[in-house]
A.B. asks: 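What follows is a single structure, and I will ask about it in a moment.
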Amino acid sequence: MPELPEVEAVCRKLRPAEGARVIQMRFTRPSLAKPQRASRIEQKVAGAVIQQIARRGKNILLWLDSGDALHVHLRMTGNLLLVPDVRLRSVGTRAWMELEGGRGIIYEDPRALGKIHLLTRDEVDKKLSAVGIEPLSDTFTLEHLASQAANSRKPAKLFLMDQRHVAGLGNIYAAEALFRARVHPQRPIGELRKPKLTALHTAIRDVLAEAMDSAVAAYAEPDRFNEGESFPCAVYDREGEPCPRCGRKVKRIPQGGRSTYFCGGCQK
DNA sequence: TCGATCCTGTAG
DNA sequence: CTACAGGATCGA
């Protein structure tokens, strides 16, 4: 689930926990904390107050009154939820926190590829210094994108998925943005001229903004399945289906060890 | 810069 | 059974 829009939606759902004190924290899958020690994190988080919940790219930060922060990365299948009763946690739970008053923050992750670390301010700063610009902020200008892209031979899709350039795009929205901008995923990003870059800049912002609306709407409902609310993909996971623009068949190619979907007809 | 790796679930 | 998955890191 989690690219920028979904991670943002998760943060919004957690925000009512701001100001709450943590009674206890437990890892039911200690390897999520690696290379840190899960037991040490449990020990240090117990008794702390969650002051602020923030997002940077796909990174989630739970700032504590101790000055440290719990850094959570959902990776492929992670999810965080705030529940009214911490005892209601399910079998997919990999870690959990009991809050004052009985509420709970639950971390679920079927594949258990996610990460939960306890970082100092300095460690957070260092971590985030490697993260690129927020694509939905005012600072993400065409000029900024152009300067990042200049002189790079990296294939456009891999460039978009590289968190050091633009933070928050993943396999789905990178593909969707390229489709809208009519850019071929293997095209070296540095070859794009002003008009194409402009289209790509717009496409990134539009795709993410629309996906954000879907994600927030879907997550707003108290945990029921909202199939209809999800973002309508034009090409992602649509191999063999007709392109909604030109009707040619959507293709799938491997790129960076992942699948890229695109239309060979209109993405050049 | 690329492939292997971390894990488990599900679809074909 | 194999292939693949909305991600990122590490070592060659």
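In what follows, chains carry the letters A, B, and so on, assigned in the order in which the sequence lines appear, proteins first and then strands, with residues in each chain numbered from 1. All of these numbers come straight from a predicted model, not from anything done at the bench.
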A.B. asks: Quick test of your reading of the model: are A:K58 and A:E8 salt-bridged, counting only N-O distances below 4.0 Å?
C.D. replies: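 No, A:K58 and A:E8 are not salt-bridged.
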
A.B. asks: Is any side-chain N or O of A:R94 closer than 4.0 Å to OP1 or OP2 of B:dT8?
C.D. replies: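 No, A:R94 has no side-chain N/O under 4.0 Å of OP1/OP2 on B:dT8.
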
A.B. asks: Report yes if a side-chain nitrogen or oxygen of A:T77 is closer than 4.0 Å to either non-bridging phosphate oxygen (OP1 or OP2) of C:dA5; otherwise report no.
C.D. replies: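 The answer is no; no side-chain N or O of A:T77 sits under 4.0 Å from OP1 or OP2.
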
A.B. asks: Output yes when at least one side-chain N/O atom of A:K115 is less than 4.0 Å from OP1 or OP2 of C:dA8, else no.
C.D. replies: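 Result: no.
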
A.B. asks: Honestly, is A:R87 close enough over A:W96, meaning NZ or CZ under 6.0 Å from the six-membered ring centre and within 45° of the axis?
C.D. replies: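 No, a cation-pi geometry is absent between A:R87 and A:W96.
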
A.B. asks: Does the side chain of A:Q163 get closer than 4.0 angstrom to OP1 or OP2 of C:dG7 through an N or O atom?
C.D. replies: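 No, outside the criterion.
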
A.B. asks: Look at the side-chain N and O atoms of A:R75 and state whether any lies under 4.0 Å from the OP1 or OP2 oxygen of B:dC6.
C.D. replies: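 For B:dC6, OP1/OP2 do not have a side-chain N/O of A:R75 under 4.0 Å.
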
A.B. asks: Compare all side-chain heavy atoms of A:Y107 with those of A:L74 and state whether any distance is below 4.5 angstrom.
C.D. replies: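 Counting from C-beta outward, A:Y107 and A:L74 do come under 4.5 Å.
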
A.B. asks: Does the pair A:R187/A:E191 count as a salt bridge with the N-to-O cut at 4.0 Å?
C.D. replies: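 The answer is yes: the pair qualifies as a salt bridge.
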
A.B. asks: Respond yes when some side-chain nitrogen or oxygen of A:H73 is under 4.0 Å from OP1 or OP2 of C:dG7, and no when none is.
C.D. replies: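 Negative; the distance criterion is not met.
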
A.B. asks: So does A:R111 reach the base of C:dA5 with its side chain, donor to acceptor, closer than 3.5 Å?
C.D. replies: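 For A:R111, whose side chain was compared with the base of C:dA5, there is a donor-acceptor pair (under 3.5 Å).
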
A.B. asks: What does B:dC7 pair with, Watson-Crick or G-U, if both distances are under 3.5 Å?
C.D. replies: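 Its partner is none (no Watson-Crick or G-U wobble pair with both distances under 3.5 Å).
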
A.B. asks: Tell me whether the OP1 or OP2 atom of C:dG7 has a side-chain N or O from A:K58 closer than 4.0 Å.
C.D. replies: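 Affirmative; the distance criterion is met.
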
A.B. asks: For A:R252 and C:dC4, is the shortest distance between a side-chain N/O and OP1 or OP2 below 4.0 Å?
C.D. replies: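 For A:R252, the contact criterion (side-chain N or O under 4.0 Å from OP1 or OP2 of C:dC4) is met.
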
A.B. asks: Could you work out the separation of C:dA8 and B:dT10 based on their C1' atoms and round it to a whole Å?
C.D. replies: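 Approximately 23 Å lies between the C1' atom of C:dA8 and that of B:dT10.
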
